[in-house]
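Only one structure is covered here, and it is reproduced in the block below.
In what follows, chains carry the letters A, B, and so on, assigned in the order in which the sequence lines appear, proteins first and then strands, with residues in each chain numbered from 1. Worth knowing before you read on, the calculation uses all heavy atoms, side chains too, and leaves out hydrogens, waters and symmetry mates.
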Number of protein chains: 2
Amino acid sequence: MTDFLPPIQTTARDDAVLKALVGFVRQEALGPGEKLPTERILAERLKVSRNTVREALTRWEGLGLVERRQGSGTYLKAAVSPDMLHMPLTLAGGNDFSGLMRTLEIRRALEAEAAALCAVRAGKAEIAEIERKLDIMEEAFRTRAGMSSEEDWEFHQAVYRASGNPLFEQIISAMHELFHRFWEHPLGVRDFGHASFPYHRTIFDRIAAHDPDGARAEALKLIATVENDLKRGAANLKMSDRK
Amino acid sequence: MTDFLPPIQTTARDDAVLKALVGFVRQEALGPGEKLPTERILAERLKVSRNTVREALTRWEGLGLVERRQGSGTYLKAAVSPDMLHMPLTLAGGNDFSGLMRTLEIRRALEAEAAALCAVRAGKAEIAEIERKLDIMEEAFRTRAGMSSEEDWEFHQAVYRASGNPLFEQIISAMHELFHRFWEHPLGVRDFGHASFPYHRTIFDRIAAHDPDGARAEALKLIATVENDLKRGAANLKMSDRK
DNA sequence: TGCAGAAATTGGTTGGACCATTGAACCACT
DNA sequence: AGTGGTTCAATGGTCCAACCAATTTCTGCA
């Protein structure tokens, strides 16, 4: 028996606006990139003030669901559904080196688990797709004699997708966007990423062999090399933007 | 060398408001739960319209940094700092059983890594604290003849804290809040959580022995039992709120 | 046809007004 | 003293009607 009494909701205008907006998007089958109605039109149709519409849209903008361009309109940035759950995270003090290392520890956790899940669940098509990305990456490595962050990232994303759980890609992509200036930047280390190169192939081998524990172990090794490179980089240039 | 030049911001009123607000919070050394100035006062002091202040606060409210109570005021919900980074995640279709399982896969990843890191970094004090929580949990298990989600949660939080990376606790806590109705609810399974009980002690042993790989392995086993219980529960009552 | 400038569109901001809720002060009654 | 009701000021929530700034579209001239 629970004595939990939820507080009654007398008014929730902006929530109602968002709910109506979800319905509209479904009705019109709008996808990412498409434009949704003007604030003024929404206000008129929903019989609320434009201010209320704006508060609702501000919420969605803060959640990254929508992008507002002055003079142009408001555009969807992601798919919306009636049963979305929001999990906003704020990393305090994430700008310095220790913040980067902390996100990398999260990435290590997720990368290992994604690889393991991938080994269990990936079908023939997914495995082929991953191998394709791997080939592209290795080719780029050979021709340009060094890691290419673009192709490397594509490979990892293919693994996340094949894990069957979109949360992996969402979380790691969010961190990737926050720190792309670091992830892409060699930090003064000449052969940044070189050490991680061979593990891409070994991860793929374990996935293709449907060996989750092996895939997990190889993924852990890969991230360990990245961490080492970052530590070297930090030692090199003392992280110029440290506060 | 990066050719990235951020576009100059001719207008960024609400961002400026938030920046000023961060400064104010620092200046006054405000902590969570404390009240911050009235919207009207902020508008007057910052020389912006009250609507602009409201948009800024709406953003913070959406990020869970602040709580607004009509008739009372606006209160801090979390610590704010000038170098915060925001990472809002939205889980599409997270209300049904598969959504819960997806978050549990994330938890498995983080739980394993947190335990491993904890085994490496936990000092004597942290280990003692974890053991204290463990004793409390085992005592509760004995007297009430069953898992107690409250004490169980306390134990895990102690592990996250001792991992030395606050992100683990942040992310898992956010998921815990989203799904607390599931995590706390036995889902029709009588002995829910029973199977996971012994692994708490084994995880602690591996942590106390500073054995990261062992701790990781035990944590994986624990989550596996929880997943099994959930699957049984889902089979039992068909997830009444499935859409 | 091509393009510069005008006009319409759209999000951003302002100021002012009123409503709904809260909480404290006050008061009457027990 | 304490319980309950009333009043009233403070505060967030909503609304309106403008105007500003960036963008897009249209128009008319060369």
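- The aromatic rings of A:W153 and A:Y160 lie perpendicular to each other, with more than 60° between the two planes, well past the 30° mark.
- Atom CG of A:L42 and atom P of C:dG12 are 13 Å apart (whole Å).
- OP1 and OP2 of C:dG15 both lie 4.0 Å or more from every side-chain N or O belonging to B:S49.
- One atom, CG of A:L46, and another, P of D:dC15, lie 10 Å apart when rounded to the nearest Å.
- As rounded to whole Å, 14 Å separates atom P of D:dC15 from atom CD of A:E44.
- Once rounded to the nearest 0.5 Å, the distance linking CH2 of A:W60 with OG1 of B:T90 reads 10.5 Å.
- A close approach under 4.0 Å does not occur between any side-chain nitrogen or oxygen of B:T38 and OP1 or OP2 of D:dA10.
- One side chain, A:T58 or A:R68, offers a donor N or O that lies under 3.5 Å from an acceptor on the other.
- Counting any heavy atom pair closer than 4.0 Å across all strands shown, A:R54 reaches a base atom.
- Counted by atom type alone, B:S81 and B:D83 present one or more donor-acceptor pairs between their side chains at under 3.5 Å.
- When rounded to the nearest whole Å, the span between CG of B:N51 and C1' of C:dG12 equals 10 Å.
- Distances from the side chain of A:S72 to the nucleotides C:dG15, C:dG11, D:dT23 place D:dT23 closest.
- Rounded to an integer number of Å, the gap from CD of B:Q70 to P of C:dA20 is 9 Å.
- A salt bridge is absent between A:E126 and A:K133; no separation between the charged side-chain nitrogens and carboxylate oxygens falls under 4.0 Å.
- Between A:R69 and C:dG12 there is no side-chain polar atom (N or O) within less than 4.0 angstrom of OP1 or OP2.
- Which of D:dA22, C:dT13, D:dT14 sits closest to the side chain of B:T52 comes down to C:dT13.
- D:dG13 atom P lies 6 Å from atom CD of B:E39, rounded to whole Å.
- Between D:dA18, D:dG12, D:dA21, one nucleotide has an atom nearer to the side chain of B:R50 than all others, and that is D:dG12.
- Computed from coordinates, the B:E55 CD to D:dT14 P distance equals 13 Å when rounded to whole Å.
- What separates CZ of B:R68 from P of C:dA20 is a distance of 19 Å, to the nearest Å.
- Comparing atom distances between the B:R40 side chain and each of C:dG12, D:dT14, D:dG13 picks out D:dG13 as nearest.
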